[in-house]
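Take a look at the structure set out below.
Side-chain atoms are counted along with the backbone in the values below, which use heavy atoms only and exclude waters and symmetry mates.
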Amino acid sequence: MAIADMLESTTPSESSLSDLDASRFLRRRPGATTAGVEPGATTAGVESETNLRPNVRGTDSSPSDHAGANGLSAAKRCEEDIDRNYAAQNPNLTETAKDPGDKAESRGNAKFDVSSVIFAYRPSAPAHKRVTESPLSSDAIFRQSHAGLFNLCIVVLVAVNSRLIIENLMKYGLLIQTGFWFSSRSLRDWPLLMCCLSLPVFPLSAFLVEKLALQKYISEPVIVFLHIIITTATILYPVLMILRFDSAVLSGVTLMAFASITWLKLVSYAHTNHDMRKISRSVNQGDVLPSSLDSNYYPHNVSFKSLVYFMLAPTLCYQPSYPRTTHIRKGWVVRQFIKLIIFTGVMGFIIEQYINPIVRNSQHPLKGNLLYATERILKLSVPNLYVWLCMFYCLFHLWLNILAELLCFGDREFYKDWWNAKTVEEYWRMWNMPVHKWMVRHVYFPCLRNGIPKGVAVVIAFLISAVFHELCIAVPCHMFKLWAFIGIMFQVPLVWITKYLQDVFQNSMVGNMIFWSIFSILGQPMSVLLYYHDLMNRKGID
């Protein structure tokens, strides 16, 4: 009963709290002597502790022996554990026990700390103190870190896809052909290779035009006309070569990609130099320019070295100088090359092992059974999405960063967090920054400066993108079905729809889910099936 009475006492008087409880909480170890205990509380504290420890085995032992040898009750052992933990966490109480001089101050501190600990461990202490949302509730979900769930998704994704890969290999075997990387047909595509190697002729021609303009041998209308001829020939020449020779689709896509990049760079080169000539003439006429513009660099930037660096740099926007890094990290470049080889192999494996068999064994999505076509599209969506993500990682992260490192190119914002885009418009502004900057600089803002409304300027930008997507796919396939063109232009109403939904549902990911649903399920898989079956029909293959 003595133990029970002592534990149940929650409102002791000041004398009992300062003498009895303080001495009980100031205990350090079972072997501590009474010499270090505060005078006036020593006798009562030690006697009470001795009396509170019953000799279960009937032996007379010192209080220090009772803690380890005698069988104390569970409540008493729990109390002593709390005492020792509290003493270890509050070294100030140890000092008061060792210094008997400051009796009043130590007694007051002990009374405050002891009462706090007693009430903190009481069953009557409140456990619910404030209004708090659950971590996964709609109001708090985006304020939490979900790194653990992300790791779980990765583990599940690896496990599920590993099982699918093993099942596919056991069922069909290794479907990758020996001529996947280099086939006899690809080796016969030497006209396309020669066309690709001759593309630098067009940048050189643009450089000669700018040199003539710098020397004022030709007028401004002639300069514009010559640049139009050069940029148009940059696209028409590869198109005619691909249509003239029956080459592999992959070779044609590669050539059209290089030609499109060259066209975009030459347009920026001509447009920027044209604008710098206007600035130079304005300065000569006494106009005051903003401090951010420097008109003195125009005559010096028209150099062959500047052109070569721009044509090799991972950017589509020309300017006289770029942010530069100080050195090349050779070890880092080697590691990125290794990653590039690995992920390129992963893309090839998925295409040969999964995508090709699926499209071969499927019907035309617009001519077959609707339920069957839906099943084929859903089955194709997952490997197609993996290939697209690998392509993005290889091109925009690995290859462009490798090129930037070798050229000491400083601005490496080749993409933003497009995977968090809440609208389709945000996605197109973030996933391909080189093209986005080119569109803004040479299409969107020039349209606005000429009085064209913003909506029309956006449509014009999507129209240019749709034309080049169609050229890069339709020309190598030798057919113009406009599937890629329609797919890109279909993004225009999606921009307005997702923007409207974002305005209605504030701080939501509705637009992001719509984008991923259309992009990964309906958009790309449908385009792959359409182009594949049209290509097979053109060649007369069932």
Glu470 (side chain) donor-acceptor with Leu482 (main chain) under 3.5 angstrom: yes
Rounded distance (nearest 0.5 Å) linking atom CE of Met489 with atom CD of Gln491: 10.0 Å
Phe245 atom CZ, over 12 foreign heavy atoms within 6.0 Å: yes
Donor on one side chain, acceptor on other, Gln336 and His397, under 3.5 Å: no
Chi angles and distances behind the side-chain contact (heavy atoms from CB on, under 4.5 Å) call for His442, Thr272: CA-CA 9 Å; His442 300 289; Thr272 303; 3.8 Å; yes
Side chain to side chain, Pro203 and Leu266, heavy atoms closer than 4.5 Å: yes
Heavy-atom side-chain contact between Cys394 and Met347 under 4.5 Å: yes
His478/Ile242 under side-chain contact (heavy atoms from CB on, under 4.5 Å): CA gap, chis, key distance, verdict: CA-CA 8 Å; His478 295 263; Ile242 294 174; 4.2 Å; yes
Distance-minimising heavy-atom pair for Met430 and Trp418: CE-CA, 3.8 Å
Side-chain donor or acceptor of His271 paired with backbone N/O of Val267 under 3.5 Å: no
Close aromatic pair by centroid cut-off 6.0 Å: Phe392 and Tyr415: yes
Distance, nearest 0.5 Å, that separates CD1 of Ile355 from CZ of Phe349: 11.5 Å
Sub-6.0 Å ring centroid separation between Phe414 and Phe396: no
Leu448 side chain reached by Phe445 side chain, heavy atoms, under 4.5 Å: yes
Backbone of Phe310 reached by a side-chain donor or acceptor of Lys265 within 3.5 Å: yes
Any donor-acceptor N/O pair, Asn161 side chain to Leu157 backbone, under 3.5 Å: yes
Ala461 versus Met439, closest heavy-atom pair with distance: O-CE, 3.5 Å
Ion pair Lys437/Asp411, N-O distance below 4.0 Å: yes
Side-chain donor/acceptor of Arg412 to backbone N/O of Leu400, under 3.5 Å: no
4.5 Å side-chain heavy-atom contact, Leu494 and Trp428: no
Closest non-hydrogen atom pair between Phe468 and Ile235, with its separation: CE2-CD1, 3.7 Å
Under 3.5 Å: donor-acceptor pair, side chain of Ser465, backbone of Phe462: no
Rounded distance [0.5 Å steps], OH in Tyr322 versus OH in Tyr309: 8.0 Å
Whether Trp263 and Trp438 hold their rings parallel, tilted or perpendicular, with breakpoints at 30° and 60°: tilted
Heavy-atom closest pair, residues Cys317 and Ser268: CA-OG, 3.3 Å
Value rounded to 0.5 Å, distance of NE2 in His327 from CD in Glu405: 7.0 Å
Residue Phe225 excluded, over 12 heavy atoms near CZ under 6.0 Å: no
Interatomic spacing from CD1 in Ile218 to CG in Leu226 - rounded to 0.5 Å: 5.5 Å
Atom pair CD1/OH of Ile350 and Tyr386 - distance to nearest 0.5 Å: 8.0 Å
Side chain proximity check, Glu426 to Asn420, heavy atoms < 4.5 angstrom: no
Student check: side-chain heavy atoms of Ser205 and Val201 closer than 4.5 Å: yes
Test side-chain contact (heavy atoms from CB on, under 4.5 Å) applied to Val253 and Ile473, step by step: CA-CA 7 Å; Val253 171; Ile473 299 176; 6.0 Å; no
Side chain proximity check, Leu312 to Leu403, heavy atoms < 4.5 angstrom: no
side-chain contact (heavy atoms from CB on, under 4.5 Å) between Leu471 and Ser260, worked out: CA-CA 9 Å; Leu471 287 176; Ser260 300; 5.8 Å; no
Heavy-atom side-chain contact between Tyr354 and Ile165 under 4.5 Å: yes
Nearest non-hydrogen partners of Leu243 and Val475, listed with the distance: CD2-O, 4.0 Å
Donor-acceptor contact present, side-chain Ser306 to main-chain Val302, <3.5 Å: no
Flag if over 12 foreign heavy atoms under 6.0 Å of CZ, Arg329: yes
Pair Glu210 + Arg277, salt bridge at N-O below 4.0 Å: yes
Non-hydrogen atoms of Pro238 and Ala233 that approach each other most closely: CD-O, 4.1 Å
